[in-house]
S.K.: 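I have a structure here, written as structure tokens, and I will follow up with some questions on it.
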Number of protein chains: 2
Amino acid sequence: MTGPATRTRRSDATRAAILRAARERFAADGYDRATIRAIAADAHIDPSMVMRYYGSKEGLFAAAAEFDLHLPDLAEVPPDRLGETLTRHFVRRWEADGTLVALLRAAATNPGAADRMRGIFAGQLATAVARSGADPATAERRAGLVASQILGLALTRYVVRLPPVVDLDPDELAAWVGPTIQRYLTQPFPPSRASGR
Amino acid sequence: MTGPATRTRRSDATRAAILRAARERFAADGYDRATIRAIAADAHIDPSMVMRYYGSKEGLFAAAAEFDLHLPDLAEVPPDRLGETLTRHFVRRWEADGTLVALLRAAATNPGAADRMRGIFAGQLATAVARSGADPATAERRAGLVASQILGLALTRYVVRLPPVVDLDPDELAAWVGPTIQRYLTQPFPPSRASGR
DNA sequence: GTCTATAATTCGATAGAC
DNA sequence: GTCTATCGAATTATAGAC
């Protein structure tokens, strides 16, 4: 009963508390303003513990910014509902977990965070788009356009907090932004105004 | 001829040099990382001069973040070319002047900068949209949606630097993003998937 | 008007007691 | 494993000489 397996290791709880506090602080304040001292205070531990467990502020951020978009397999989504599905997914995902907003805030000033953001969208999003039926030759470009609208939505809704964007509910967002994403994914290529090639 | 009116006052040149350097530093590094020392070094003056002229770092930023989108009168733009016109205008505007990118970077972590960003888009953009022929009752919402795509484009192209977005030239941007802006401005309201009301 | 010197904070990181 | 104490560096801001 008192063996090492039954006694929950304090360090695990401490590590988890630090990570949770770090995500909140990084999301709320960005990389620079989020201090190790403040994160430690939120987690009710000593600042030196953060250093002990994560080595440095960079290391803590790297651990806190692990992020899986949990994108659905777009090959199994009805082709005419790709935009709506993706829009609703993103809104749900980042309202349930502030990590992506933290990453977005940090990416504005921290090169490492910007690099990680590029990695997420090049890896996870571009990969998902490639499975949506898009021509592989254009998939990366389409993913970039999708990112421009999706991240712009996150920026205006959660960071800058533009009132008209904050006020939209998920259904309205899907109705307005969904068709944009749909067009970026399915519009014949190239979409030049002179139409032809 | 040698009166005070003909002799260019040194202080004016110094103030202008400080402001120019501040815009570049704020754009490149964001509010926190852009230091008064670095700005002063860029302007080849002493850091204390910055304090003398602008009072504080906040005051300097406030002066450097004055920004006029120079939006055209949308009442004079052919209604079917609103999206393309606006998209090209924004790309041209912020590639000629890094102030908006500076403001965007700063807004990610600095509440004052976010407030200013809201002011610009509520004031200048919403006002322009209201003159585009949009129903006044929906103009603010349409402006918010336009902002979400336009700022997302700036974010992915100039801050995060997603390669596929960076690689698009102005013509391609107008062809891809223009229709999005056009739809946000002219799509009948509401755009629900269930179409009718 | 311009610069030197420095005050007053605050931060990340380290050393070491317990 | 956890905390106290503190270092060294960097920052904004101020005081005052010239």
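Small disclaimer: the values here were computed from a predicted structure and weren't measured. Chain naming here is simple, since letters A, B, ... match the order of the sequence lines and numbering starts at 1 in each.
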S.K.: Measure from CD1 on A:Ile39 to P on C:dA13 and round the result to the nearest Å.
M.R.: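 Between P of C:dA13 and CD1 of A:Ile39: 12 Å.
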S.K.: Set out, line by line, the N/O atom pairs under 3.5 Å between protein and nucleotides 5-12 of chain C.
M.R.:
from	atom 1	to	atom 2	distance (Å)
C:dG12	OP1	A:Lys57	NZ	3.1
C:dG12	OP2	A:Ile36	N	3.3
C:dG12	N7	A:Arg37	NH1	2.6
C:dG12	O6	A:Arg37	NH2	3.4

S.K.: Write out all pairs satisfying salt bridge (Lys or Arg N to Asp or Glu O under 4.0 Å) with one or both partners inside residues 134-153 of chain A, taking only residues at least two apart or from two chains.
M.R.: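 Output for this query lists A:Arg141-B:Glu172.
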S.K.: Rounding to an integer number of Å, can you tell me how far B:Met49 CE sits from D:dT14 P?
M.R.: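 Rounded to whole Å, this separation is 14 Å.
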S.K.: Going by salt bridge (Lys or Arg N to Asp or Glu O under 4.0 Å), name the pairs with one or both residues in residues 105-114 of chain B, residues two or more places apart or in two chains.
M.R.: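 Every pair satisfying salt bridge (Lys or Arg N to Asp or Glu O under 4.0 Å) with a residue in residues 105-114 of chain B: there are none.
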S.K.: Please give, in whole Å, the distance from C:dT2 P to B:His44 NE2?
M.R.: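 Checked: the NE2 to P distance equals 15 Å.
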S.K.: Can you check the A:Leu60 CG to C:dA13 C1' distance for me, whole Å?
M.R.: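 Nearest whole value for this atom pair: 14 Å.
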S.K.: Output the rounded distance in Å from OH (B:Tyr54) to C1' (D:dA13).
M.R.: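 My rounded result for the distance is 18 Å.
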S.K.: Do B:Arg20 and B:Glu24 sit within salt-bridge range, that is, some charged N less than 4.0 Å from a carboxylate O?
M.R.: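 B:Glu24 and B:Arg20: not salt-bridged.
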S.K.: What pairs meet the salt bridge (Lys or Arg N to Asp or Glu O under 4.0 Å) rule with one or both residues in residues 143-165 of chain B, with sequence neighbours excluded?
M.R.: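 Output for this query lists B:Glu95-B:Arg157.
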S.K.: With salt bridge (Lys or Arg N to Asp or Glu O under 4.0 Å) as the rule and sequence neighbours excluded, what pairs involving residues 67-78 of chain A come up?
M.R.: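 Sorted result for residues 67-78 of chain A: A:Asp73-A:Arg131.
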S.K.: Per the ring-ring contact (aromatic ring centres under 6.0 Å, His included) rule, what does the pair list look like for residues 125-163 of chain A, sequence neighbours excluded?
M.R.: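 Passing the test, one end in residues 125-163 of chain A: A:Trp94-A:Tyr158.
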S.K.: Let me know the distance between CG of B:Asp29 and C1' of D:dA10, rounded to the nearest Å.
M.R.: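 Spelled out: CG on B:Asp29 to C1' on D:dA10 is 15 Å.
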S.K.: Rounded to whole Å, please give me the gap between OH in B:Tyr53 and C1' in C:dG1.
M.R.: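 After rounding, the reported distance stands at 6 Å.
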